[in-house]
Student: 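This is the structure I have questions about; it appears just below.
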Amino acid sequence: MQPLPKWADLVLVPLISLALAFFVAALVILAIGESPWFALKTMVQGSLMTASGWGHTLYYTTSFIFTGLAVSVAFHAGLFNIGGEGQAQLGGLGVALACLYIPWPHWSLALLGATIAAAAFGAAWVAIPAWLQAKRGSHIVITTIMFNYIAASVLMFMLVDVLRPIGQQDPSSARFPAEVLIPRLNQIPGLDLLFPRTVPANITLFLALTAAVLVWLLLWHSRTGYHIRAFGKSPGAARYAGISATRITMIALLISGALAGMMSVNNVLGDAQRLLGNSAAGAGFIGIAVALMGRNHPVGVILAAFLFGFIFQGGSELGFMTAIPIEMRVVIQGLVILFTGALDMMVRMGLERVFPRAANPAKPTTAGAA
Amino acid sequence: MTTDVTGRKAGGPGGINPPASFAHAAAPTPAAPTPAAPVPAAIELRGISKSFGPVRANEDISFFVPKGTIHGIIGENGAGKSTLMSILYGFYRADQGEIVIHGRPAALPDSQAAIRAGIGMVFQHFKLVQNFTVLENIILGAEDGPRLARSLARARKTLADLSREYELEVDPDALVEDLSVGHQQRVEILKALYRDADILILDEPTGVLTPAEADHLFRILRGLRDQGKTILLITHKLREIMEVTDNVSVMRRGRLIDTVATAKTSPAALAELMVGRKVLLNVGKSPATPGETVLSVENLSLSDEQKVERLRSVSLTLRRGEILGIAGVAGNGQSELLSILGGMTRPGEKVSGHVTMGGQPLPITGKAANGKARREAGIAHVPEDRHHHGLILDFTAWENVALGYDDDPRYGRGMLLDNGALREDAARKMQTWDVRPPIHTLAAKNFSGGNQQKIVLAREIEQDPTVLLIGQPTRGVDIGAIEFIHKQIVALRDQGKAILLVSVELDEIMSLSDRIAVMFDGRIMDILDPAQTDEAAIGSLMAGIHPAEGRPAGETPPATSGEA
C-alpha cells in the first residue's frame, strides 16, 4: 500500500481517531439520558476556561508526560514497560524519604534531591524485571505487572508500619517540612498573575518539559540512543553490530523506570506534600496510552499528555457539575485508547484508500482490452 | 572467461503468440515445441495491469501458455513476476485485463477460486505444518468431511497413484520436519496435484535444493508435462530456464518484454532482455597472487541452543589477496562459520576451537566476541541476511551507515552522535557506490535489493578491513547490480584483502573463488582448485558424497561416508 503523507500520518490519523472516540462517548452519554453537548461544554469549561481548570489540567499533564516518556523510551528498545504505576509509587516513596529524613536548606536543593531519589527508586524497582528480561528472558510485561502489585503492598506497609506518624489514623506519611515545599504555579512570580488561587500544577511541569528535551536528545542524538533504537527495531542487526542486548535492555529500562519514578515529584512533593496511599492514581497506566498516541516521540507525548490531562480534569468536572458519574472519564479514556491505539489501523486504511486517488489522479481508465 | 552478449534486441511487449489458435479443441499434443503451435491455451493473460499507488507492478501483460508445456518466467527482482503470479493465484486482483483458463474467462477473487480453476502453487517458502505427517499436510484444507479417517484413506490411495505416476516418492506417514528440503517440496507439489491442479506454478523452486535435487525436480516437472500438465516456472536462474522450459517470457520493470521458444534463444540473449543492456555473465579476473595467511581457523565447532552440532571441527586458512569460496546447500554450517567469525553468535550457542588473526588469537566466546571487537580487529562483515542483520530496514540510509561503527570517533564526540557528519558520509558513500536513488534520508526498506546491498557493501568495504566476510553477496540482487558487486569483490582482492565468500549460488562461487571449500553437514568436505574441478564434482560434495577417486585431501579429512 501507498504510505500516507507524513502530515496525514502524524496529524490527521490521531485527530480522526480522537473525533471517533468522542463521537462514541457522546453516544454513551446519550444512552444514559444526558446531553453530550452539555457534557462537552462542562468538560471544556472545567478544564480550559478557568485558571483553576488550567491549574489542574497542567498538573495531570505533568504526571502523564513523565509516565508517557517512560513508556516511550522502553518502547524504542522494543520493550513494553507496563509497570510505570509501580515504579511511580516507589518513586513516591523515594521522594517521601528524601523530604522527611534529609534536612534540606532550600526548596531548590530539595527538588534536586527529591528528583534524584524518585528516579533512583523508580529505576531500582524496574531493575529486577529488567535483569530477569536481559539475562533470563522472563517477559518484561509479566514481571512488571507483578511488580505493580508488589509495589502497592510495599507502599502500604511503609505507610502503615513505618511512615505513619503516631496517633494518626489514615495511612499516610507526615507532612513534609515547609523548607522543602516547591513552588506551585501560583507562587511563581509572573505566573501568579495568571493563577490567582492555589493550583496543584507546580514547578515540576518545567522539569517534565526538560525531561522531554533530554529524552529527545538521548534517542536521536546520542550513541546510546542509537543503540536503543537499533536494538528495538532489529535485535538481529544489533547483534550483528556488536550492541550488547543485555546492556541495552538494562539501560533502556532503567531510564524508563527513572522517568516513571520522577512523576512522583509532581504529585507527592508538588501537590500532596506528603505520601498518600494510592499516590500514582493510575498515571502509570495512562502513560501507556500517552506514549501510544504520541507515537513515542517527546513532542507527541507532551501533546497526548495534555489531551489526557484535559480528559482527566474535564471528567472530574463532569462528576461534580452534572448527573454524569465521574466514571465517565474512564469511559472516555478507554475510548480514546481504543481508537487511537488499537483501532488506529482502521482509520489509516480508510485514509490510504482516499489518498492515492488524490495523489495520483492520472489513473488510466479502462483501456481497450482484447 | 568473458562472454559478450551478441543476442537479439528486445521485441515489443507480448510480441508473439496470436491467441486465435486456442479454439482448437483437438487432442492435446504433449510437449509442444513452439508457442505458436496450434494447441489449446492452458493460461492466457490479456492486458493484465496492476498498480500499487503510483507503482505499476504489472503493465499490460499478455501472454499465452499452451497446454502441456513448461513455461518459464524470468526477470530481475522487482520486475513484477511475483505480482503476476499472485494475480494468477487470486492473492491480488488485477486492475485491468482478463485471465483465460482453458479457454474460459476466469475471475480469481481468492486462492480458493484459483484452486477450483485447477491452479496449484508451490511457494518459495513452503507452507507446510512441520509436525504433521505428509498425509495430514496433503489433506489440510481439503478434507472430505468432519471425520479424518475417510479423507486420510482416500488421500493415501491417491498419493500412491500420484507417486507412481510422477516419480514423486514420499513416505506418507513421515513427519514433515524429518524430511529433506527436496522432499518437502515434493509434498507441496503433491498437495497441488491432490487438489486436481493441472496448472502448476513454481516460484523459485531450486533456491534451496542441491544440484542433484534440482535435477530430480526437473525430471518430475518433465514427467508432469508429458502427462499433460502445464507448468509455470518462475526463476532468475538462466541455466534452469535453458534446461527445462519450452518457452520463456522475460519481464522487465512490470512489462512483458518478449516471449520466445527456449530452443531458439541463449542465456546471453535472455540476460540482455532482462536487464535491457548487455551484461557480462562472467567476471573477468586475473589469477590471484595470495600473500601471507591472515586468518586461520582450527577445529571450530558450534552447537546451537538445542545442542545440535551445526559446525563440526572446521579448519581453514585465509590468505591476503585471495577469495576463498564456501560452497554448500543453505544450512550446512556456512552461516554458523560466518556468525562466529563475525562475532554474532547467540548466548545459547556453544563454540569451541581456535581462530587466529595475524598471529593474534581472536576470542570466539564471551563478551569479547562481538561485532564491534571484530571490526576493530579489521574484520568487516557483509551478512547473509541483510534484512535482519545487515540493515535496519526502518532506519534511514544514513543511520544505517553507522550500524556497527556507531562508536567510531568520526561520527561524534563523547556520548553524542554527530548526525551531520553521518549524513555527509552517507551521501558521499551513496554517490561513490552509485546507490539509487541517492537520497540518504530514505528508509532502507525503500531501496531495491541491489541498492540495499550496495549500502551494506559501501559501509563495510570503505572501512578498509583486512578480512572481509561476505555472505550471499547477490541474493535478491538484480543482474545489473550483480555485475557491479562482483567487480568490487575482485577489486578488493586485488588490493590484497582476504575475502571469505559464502554463497549458495554455485555459479557465483565458481566464477569468483580462487579456492573453493565445500561444506556439508557442518564439515568441510574438501577444498578444491576451481580450475581443476567442475560443477558435478562440487555438487556431489555438496550432497555429502565424497567421490571415490582420491582427490587431494583438504584440511579436514572427509568424515561421512556416502549418505544421500
Side-chain angles (χ1 to χ4, degrees), chain A residues 1-6 76-78 134-137 214 216-249 251 296 351-370, chain B residues 19 44 46-49 51-56 59-60 62 95-98 100 339 342-348 367 369-376 381 383 385-395 399-400 402-408 411-412 414-419 422 443 446:
Chain A
M1 270 286 143
Q2 166 81 347
L4 286 175
K6 206 166 181 182
H76 277 285
K135 283 286 182 193
R136 317 288 314 174
L214 289 177
W216 174 77
L217 268 178
L218 167 79
L219 287 175
W220 286 282
H221 291 271
S222 80
R223 299 190 203 264
T224 307
Y226 183 91
H227 295 167
I228 289 176
R229 288 185 300 123
F231 176 68
K233 288 281 186 201
S234 173
R239 188 157 47 85
Y240 159 78
I243 296 167
S244 160
T246 312
R247 190 170 157 266
I248 292 307
T249 303
I251 290 180
N296 297 302
L351 279 180
E352 269 168 4
R353 224 163 288 154
V354 175
F355 264 91
R357 242 169 268 165
N360 189 24
K363 200 168 189 173
T365 46
T366 24
Chain B
E44 191 190 349
R46 295 177 187 162
I48 295 283
S49 295
S51 303
F52 298 100
V55 180
R56 296 189 173 193
E59 228 178 319
D60 194 24
S62 303
D95 297 336
Q96 289 168 41
E98 205 182 358
V100 182
S339 136
M344 50 184 297
T345 48
R346 275 181 260 266
K367 277 192 178 164
N370 68 60
K372 279 202 171 54
R374 290 291 193 268
R375 287 180 183 85
E376 276 156 28
H381 182 188
D385 185 342
R386 66 174 164 272
H387 286 174
H388 294 107
H389 298 144
L391 291 170
I392 296 173
L393 292 177
D394 287 335
F395 272 19
E399 285 175 305
N400 271 297
L403 188 65
Y405 301 95
D406 37 81
D407 286 340
D408 195 302
Y411 294 146
M415 288 174 65
L416 293 183
L417 268 182
D418 184 349
N419 292 347
L422 261 172
N446 295 329

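All of these numbers come straight from a predicted model, not from anything done at the bench. The figures here come from the full heavy-atom set of this structure, side chains too, leaving out hydrogens, waters and symmetry mates. Chain naming here is simple, since letters A, B, ... match the order of the sequence lines and numbering starts at 1 in each.
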Student: Using non-hydrogen atoms only, which part of B:Leu393 is less than 4.5 Å away from chain A: side chain, backbone, both, or neither?
Tutor: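 Answer is neither: B:Leu393 stays 4.5 Å or more from chain A.
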
Student: Step by step, would you call A:Ile243 with B:Lys372 a side-chain contact (heavy atoms from CB on, under 4.5 Å)?
Tutor: CA-CA 8 Å; A:Ile243 296 167; B:Lys372 279 202 171 54; 3.6 Å; yes

Student: Counting heavy-atom pairs under 4.5 Å with chain A, which one of B:Gly390, B:Gly343, B:Ser339, B:Gly412 comes out on top?
Tutor: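 Most pairs with chain A among the choices: B:Gly412.
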
Student: Under 4.5 Å heavy-atom distance to chain A, tell me which part of B:His388 shows up: side chain, backbone, both or neither.
Tutor: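 Interface part for B:His388: backbone (N, CA, C, O).
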
Student: Between OH of A:Tyr226 and CG of B:Asn419, what distance do you get to the nearest 0.5 Å?
Tutor: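 One gets 10.0 Å once the value is rounded to the nearest 0.5 Å.
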
Student: Measure the CZ-CG distance between A:Arg239 and B:Asn370 for me, rounded to the nearest 0.5 Å.
Tutor: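 Answer rounded to 0.5 Å: 12.0 Å.
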
Student: Taking A:Arg223 for its side chain and B:Gly414 for its backbone only, find out whether a donor-acceptor pair lies under 3.5 Å.
Tutor: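 Indeed, once roles are kept as given, a pair shorter than 3.5 Å links the two residues.
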
Student: At a 4.5 Å cut-off on heavy atoms, which part of B:Asp408 comes close to chain A: side chain, backbone, both, or neither?
Tutor: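 For B:Asp408, the contact with chain A is made by the backbone alone.
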
Student: Contact part of B:Ala373 toward chain A, heavy-atom cut-off under 4.5 Å: side chain, backbone, both or neither?
Tutor: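 Neither part.
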
Student: I want to check something: taking the side chain as every heavy atom from C-beta on, are B:Asp385 and A:Tyr240 in contact at a cut-off of under 4.5 Å?
Tutor: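 Heavy-atom side-chain distance check fails, nothing below 4.5 Å.
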
Student: Examine whether an atom of B:Ser49 lies under 4.5 Å from a heavy atom of chain A, and if so say whether it belongs to the side chain, the backbone or both; otherwise answer neither.
Tutor: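 No part of it gets close to chain A.
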
Student: So for B:Arg375, is it side chain, backbone, both, or neither that comes closer than 4.5 Å to the heavy atoms of chain A?
Tutor: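 The side chain, not the backbone.
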
Student: Could you state the interatomic distance from CG (B:Asp394) to NZ (A:Lys233), rounded to the nearest 0.5 Å?
Tutor: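 With rounding to 0.5 Å, CG (B:Asp394) is 4.0 Å from NZ (A:Lys233).
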
Student: Does B:Met415 reach the side chain of A:Leu217, with side-chain heavy atoms less than 4.5 Å apart?
Tutor: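 Of all side-chain heavy-atom pairs linking A:Leu217 with B:Met415, none is under 4.5 Å.
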
